[in-house]
Amino acid sequence: MSIIDMKAVAKSNASEANGKSVLIDVSGELKGEYPDNVISNTYELWYHSIDPAHKTFQAALAKKLGTQETPQWAMLGYIGVMYAAAAMEKAKSTEADKVAAALEGLTVGTPVGPLTIDPKSHQANIGQFWGPMVKKPDRAYRMMDPIEYIQPK
């Protein structure tokens, strides 16, 4: 197996992206060299929906990017913007202190279901997909299967 210089990969992907979706995860970079059955995790999988809103979001993103294989970072950014907008609306302000206070305990509907900001930790209760990475006949890279979505308590 080859060793990948992740800094070089990041620079390469950033320069190649030019507005297009680029698969930048390790399994995408290693392709056939990625070992089978490595347990992995991610916040979003373009090929697995746990909420109807995810299918809608993923279809719109795929259309916009011109590829079915959408990056997870778009959904995480979208959720962040949803939180910012909802907090500003709740605070009826854009002042940082008022928006921060409005975020505490705030619940928003997202492509992975409703998420709430914990007032103590200031983190959203977003779960992660976990599973082994396995070879699929129609892909040059490994995909997670079976998939389990684990929601924090």
Side-chain angles (χ1 to χ4, degrees), residues 1-90 99 102-103 105-118 121-153:
M1 175 178 295
S2 62
I3 296 177
I4 293 180
D5 176 353
M6 293 311 290
K7 189 174 179 181
V9 168
K11 284 182 180 178
S12 169
N13 283 329
S15 66
E16 291 173 11
N18 295 327
K20 297 179 184 173
S21 173
V22 178
L23 186 60
I24 61 171
D25 65 36
V26 174
S27 66
E29 288 299 323
L30 288 175
K31 295 190 179 13
E33 294 181 27
Y34 194 95
D36 279 325
N37 298 312
V38 171
I39 303 297
S40 187
N41 70 308
T42 185
Y43 289 106
E44 195 261 350
L45 290 170
W46 61 267
Y47 52 90
H48 185 77
S49 293
I50 60 167
D51 190 279
H54 179 265
K55 286 185 180 185
T56 302
F57 174 83
Q58 201 283 325
L61 183 61
K63 183 177 180 182
K64 173 92 175 148
L65 297 178
T67 180
Q68 179 186 14
E69 300 168 345
T70 57
Q72 71 169 336
W73 309 113
M75 187 197 66
L76 294 174
Y78 179 73
I79 290 171
V81 170
M82 292 175 72
Y83 266 118
M88 286 184 272
E89 185 176 317
K90 180 180 174 184
V99 172
L103 282 167
L106 183 63
T107 299
V108 296
T110 76
V112 291
L115 297 178
T116 302
I117 298 283
D118 181 286
S121 70
H122 301 122
Q123 294 195 21
N125 63 331
I126 191 167
Q128 292 185 16
F129 296 93
W130 286 85
M133 300 295 285
V134 298
K135 177 73 178 127
K136 296 289 185 175
D138 60 337
R139 302 287 174 198
Y141 51 86
R142 303 298 191 265
M143 296 176 76
M144 196 178 289
D145 189 32
I147 301 163
E148 181 177 2
Y149 185 74
I150 300 175
Q151 186 79 28
K153 295 180 180 180

Can a donor-acceptor pair be found, under 3.5 Å and without considering hydrogens, that links the side chain of Lys90 to the backbone of Ala102? yes
Just one of Ile147, Ile39, Thr42 clears the side-chain contact (heavy atoms from CB on, under 4.5 Å) bar with Trp130, so which one? Ile39
Distance in Å, [X] [atom1] paired with [Y] [atom2], rounded so as to fall on 0.5 Å steps:
X: Leu45; Y: Ile50; atom1: CG; atom2: CD1; result: 9.5 Å
X: Met75; Y: Thr110; atom1: CE; atom2: OG1; result: 6.5 Å
X: Thr70; Y: Lys63; atom1: OG1; atom2: NZ; result: 15.0 Å
X: Tyr149; Y: Asn41; atom1: OH; atom2: CG; result: 12.0 Å
X: Met144; Y: Tyr47; atom1: CE; atom2: OH; result: 5.5 Å
X: Gln128; Y: Ser40; atom1: CD; atom2: OG; result: 9.5 Å

Where do [X] and [Y] come nearest, in terms of heavy atoms and distance?
X: Trp46; Y: Arg139; answer: CH2-NH2, 3.4 Å
X: Leu61; Y: Ala74; answer: CD2-CB, 3.5 Å
X: Pro152; Y: Gly127; answer: CD-CA, 3.6 Å
X: Pro111; Y: His54; answer: O-CB, 2.9 Å

Identify each donor-acceptor pair in which a side-chain atom of residues 78-89 lies under 3.5 Å from a protein atom, sequence neighbours left out, and give them as a table.
unit_1, atom_1, unit_2, atom_2, d
Tyr83, OH, Leu115, O, 2.8
Tyr83, OH, Thr116, N, 3.2

Pairs meeting criterion salt bridge (Lys or Arg N to Asp or Glu O under 4.0 Å) with involvement of residues 36-61, two or more places apart: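 Only Asp36-Arg142 qualify under salt bridge (Lys or Arg N to Asp or Glu O under 4.0 Å).
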Matching residue for Tyr141 among Glu69, Lys31, Glu33 - test: side-chain hydrogen bond (donor to acceptor under 3.5 Å, both in side chains): Glu69
